[in-house]
There are 2 protein chains.
Amino acid sequence: MKGKRPHLSITDSSEEPLTGAVEDYLKAIYALGRGSVSVATNDIAQRLDLTPASVSGMVRRLAGHGFLSYERYRGVTLTDLGRRAALRTLRRHRVIEAYLSGALNYPWDRVHAEAERLEHAASDELVDRMAAAIGEPLTDPHGAPIPSREGDMDETEYLSLAELGAGYGARVVRVSDEDPEMLRYLGELQIMPGAELIVISKAPYEGPIALAVSGTMLAIGPQLASQVMVEPLTDLEAPAH
Amino acid sequence: MKGKRPHLSITDSSEEPLTGAVEDYLKAIYALGRGSVSVATNDIAQRLDLTPASVSGMVRRLAGHGFLSYERYRGVTLTDLGRRAALRTLRRHRVIEAYLSGALNYPWDRVHAEAERLEHAASDELVDRMAAAIGEPLTDPHGAPIPSREGDMDETEYLSLAELGAGYGARVVRVSDEDPEMLRYLGELQIMPGAELIVISKAPYEGPIALAVSGTMLAIGPQLASQVMVEPLTDLEAPAH
DNA sequence: AGATTAAGTTAGGCAACACTAACTTAATCG
DNA sequence: CGATTAAGTTAGTGTTGCCTAACTTAATCT
Ligand SMILES: [Mn+2]
Ligand SMILES: [Mn+2]
Ligand SMILES: [Mn+2]
Ligand SMILES: [Mn+2]
């Protein structure tokens with residue numbers, strides 16, 4: 001599913017700026033509901049590390065401002081206005097991540113925390129300059145797609161590495177950001193967007209998954225594997241035996 | 001006058017982060033009192049575009065946190081703690097300005113507004129990376145000195161162009177930022193840090209000041225000239241006649 | 001259906017920051 | 001010295017955004 005309103009830029013809204021808290025709420029709701037599904041109070045609270053009571057209050061205010069529709073006890077859905085605001089913040093976040101990584105050599109496990117704050121302070125002009133300076137990238141350092149200025153975003157769903165059968169080859173397209181420790185570990189293993197790998201074997205009962213990553217053999221748990229999104233490689237599709 | 005505590009970095013304070021409002025107050029008080037002189041409530045209010053009542057309230061809180069000493073009706077003086085916090089924000093601000101200008105080609109009349117927000121969101125690591133990326137500059141794009149990580153800053157006082165006598169040559173060291181319109185005009189005239197000029201004549205009664213700037217003749221008013229800080233050039237010191 | 005539980009909401013509070021209106025203090029001037 | 005004025009403060013209010021404690025609603029299970 002693609003974004004709407006192809007001719008109305010998400011960066012030219014002449015309204016007063018939103019607060020950082022509001023932007024983070026909208027971003028969280030977008031992430032949880034992929035922009036259209038109804039989202040539960042508790043899930044928002046967990047994602048933002050707030051109490052459900054706080055979310056109840058904020059959600060009422062956001063509905064009042066037209067960012068979402070809200071029926072008590074029934075969860076929350078972004079309106080078009082809310083969706084555009086969420087995508088604008090998401091674009092900022094990911095452009096900033098990509099810039100920090102590409103232009104300032106920022107390690108990929110720390111760009112998220114930095115972008116989480118800068119996304120609320122950077123002007124549209126700055127974000128555009130950053131994007132231009134690194135060649136208008138289509139994804140952030142973790143492989144997440146960057147929404148266009150117009151609010152369109154590639155929402156292709158990928159398979160997780162945990163779902164890939166033994167014998168299959170795949171290219172890593174995206175890993176979950178947010179957990180720096182995990183990112184550092186994945187980095188050590190060379191499991192990052194663009195890397196190609198082959199699933200050698202999968203032990204049963206949630207057992208380790210053996211992989212070949214750029215020539216090296218290694219094994220990871222299924223929990224970690226579920227955080228790695230991959231695209232199967234057609235020319236390696238046949239199980240090795 | 002130089003900063004103090006040469007061995008205690010201003011960027012390694014492990015305390016909880018200050019709010020943007022607090023950082024802006026401390027920066028304003030530092031700018032108005034050059035870090036040591038007592039500063040008036042009304043002046044802070046004017047500089048931050050707030051009412052004096054708001055400043056009275058905030059100033060009491062800041063004193064409570066040990067950032068300044070305060071006696072009712074008597075103005076305010078930064079403590080060492082407050083001065084260090086101010087210098088840290090000032091360093092961030094100016095490094096960000098220099099980076100935007102040097103690395104992203106940001107026009108010099110807009111870096112100030114952008115830095116005014118980013119200074120509260122950028123981490124120390126980011127500021128350090130920015131400074132390193134552009135070669136650890138000593139001044140921002142307007143010629144203002146950048147405090148060191150340790151909190152030392154060059155506080156040399158310069159002559160303003162309005163005070164320079166006819167016939168003298170000088171190098172521009174610094175211009176006032178904050179007014180984008182003025183900066184754009186000065187830029188057109190090539191009056192910017194590093195530029196060399198000669199005062200051809202000064203009309204009496206606040207009249208126009210005729211200048212030669214890199215070969216071009218032009219005239220500016222004394223009000224504008226007072227915003228341009230210069231360093232007289234010894235080899236052009238003798239009045240032209 | 002009735003009881004239990006999970007999810008969500010309300011009530012009441014608090015800290016940060018801003019405002020206006022009204023008052024107080026200090027400085028100045030005749 | 002006393003009056004005027006400028007500077008500064010207090011009182012009271014509003015918004016944002018968070019919390020805990022207590023309650024209500026909806027979903028589930030026997
Ligand atoms: Mn954020
Ligand atoms: Mn990311
Ligand atoms: Mn600021
Ligand atoms: Mn500047």
Side-chain angles (χ1 to χ4, degrees), chain A residues 15-33 37-78 81-82 85-86 89 116-117 119-121, chain B residues 15-29 32-33 37-78 81-82 85-86 89 116-117 119-121:
Chain A
E15 305 117 34
E16 51 179 59
L18 307 176
T19 65
V22 165
E23 290 181 332
D24 281 342
Y25 267 93
L26 295 174
K27 203 155 51 92
I29 293 166
Y30 182 92
L32 291 168
V37 184
S38 166
V39 170
T41 301
N42 273 3
D43 293 348
I44 302 171
Q46 178 168 32
R47 191 164 224 272
L48 295 177
D49 203 21
L50 300 172
T51 63
S54 302
V55 173
S56 272
M58 177 62 104
V59 134
R60 228 183 33 250
R61 277 169 46 214
L62 293 177
H65 285 290
F67 293 119
L68 40 85
S69 69
Y70 170 48
E71 246 182 305
R72 268 153 59 269
Y73 294 100
R74 279 273 148 66
V76 120
T77 316
L78 287 181
L81 186 67
T89 308
E116 199 56 59
R117 281 171 286 110
E119 65 190 353
H120 313 296
Chain B
E15 304 117 35
E16 51 180 60
L18 307 176
T19 65
V22 165
E23 290 181 331
D24 281 342
Y25 268 91
L26 294 175
K27 203 155 53 91
I29 293 165
L32 291 169
V37 184
S38 167
V39 170
T41 300
N42 273 3
D43 292 348
I44 301 171
Q46 177 166 33
R47 191 164 223 269
L48 295 177
D49 202 20
L50 302 171
T51 61
S54 303
V55 174
S56 271
M58 176 62 106
V59 134
R60 225 179 37 247
R61 278 171 44 220
L62 292 177
H65 285 289
F67 292 118
L68 40 83
S69 68
Y70 170 47
E71 245 181 306
R72 270 156 54 268
Y73 294 101
R74 278 275 147 63
V76 120
T77 315
L78 288 180
L81 185 68
T89 308
E116 199 56 58
R117 281 170 287 108
E119 65 190 354
H120 313 296

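All values reported here derive from a predicted model rather than from experimental measurement. Here is the naming used below: chain letters follow the sequence lines, and residue numbers restart at 1 for every chain.
Shown for residues 57-66 of chain A: residues whose heavy atoms fall under 4.0 angstrom of DNA chain D, namely M58(A), R61(A). Near-neighbour residues of DNA chain D inside residues 44-52 of chain B, defined by a heavy atom below 4.0 Å, number-ordered: P52(B).
To the nearest angstrom, C1' of dC17(C) lies 13 Å from CG of D24(B). We find that CZ of R74(A) is positioned 12 Å from C1' of dG8(C), with the value rounded to whole Å. Atom CD of E23(B) and atom C1' of dC17(C) are 15 Å apart (whole Å). Residue H120(A) contributes atom NE2, which lies 17 Å from atom P of dT16(D) at whole-angstrom precision. Taking atom OH of Y70(A) as the reference point, atom C1' of dT10(C) lies 10 Å away to the nearest angstrom. One can place CZ of R72(B) at 8 Å from P of dA26(C), the figure rounded to the nearest angstrom.
Looking at K27(A) and R47(A), their side chains never come closer than 4.5 Å, going by heavy atoms from C-beta outward.
Atoms CG and CE, on L26(A) and M58(A) in that order, are 8.5 Å from each other to the nearest 0.5 Å. Interatomic distance, OG of S54(A) versus CG of D49(A), reported as 10.5 Å (0.5 Å rounding). How far CG of D24(B) is from CD of E119(B): 5.5 Å, rounded to the nearest 0.5 Å.
For L68(A) against V59(A), the heavy-atom pair with the smallest separation is CD1-O, 3.6 Å. Residues A63(A) and Y70(A) share a closest heavy-atom pair of CB-CB, 3.9 Å. When every heavy atom of V55(A) is checked against every heavy atom of Y25(A), the shortest pair comes out as CA-OH, 3.9 Å. L78(A) approaches A86(A) most closely through the heavy-atom pair CD1-CB, 4.4 Å. Between R74(A) and S38(A), the closest heavy-atom pair is O-OG, 3.5 Å.
Taking side-chain N and O atoms only, S54(B) has a distance below 4.0 Å to OP1 or OP2 of dC19(C). At the phosphate of dT9(D), OP1 or OP2 sits under 4.0 Å from a side-chain N or O atom of T41(B).
When each of T19(A) and G75(B) is assigned the nucleotide of DNA chain D bearing its nearest heavy atom, the one mapping closer to the 5' terminus is G75(B).
At the heavy-atom level, V55(A) lies nowhere under 4.0 Å from the strands shown.
Residue Y73(B) places its side chain closer to dT24(C) than to any other of dA18(C), dT10(D), dT24(C). Distances were taken from every side-chain heavy atom of A40(A) (C-beta onward) to each of dA18(C), dT25(C), dG8(C); the shortest belongs to dG8(C).
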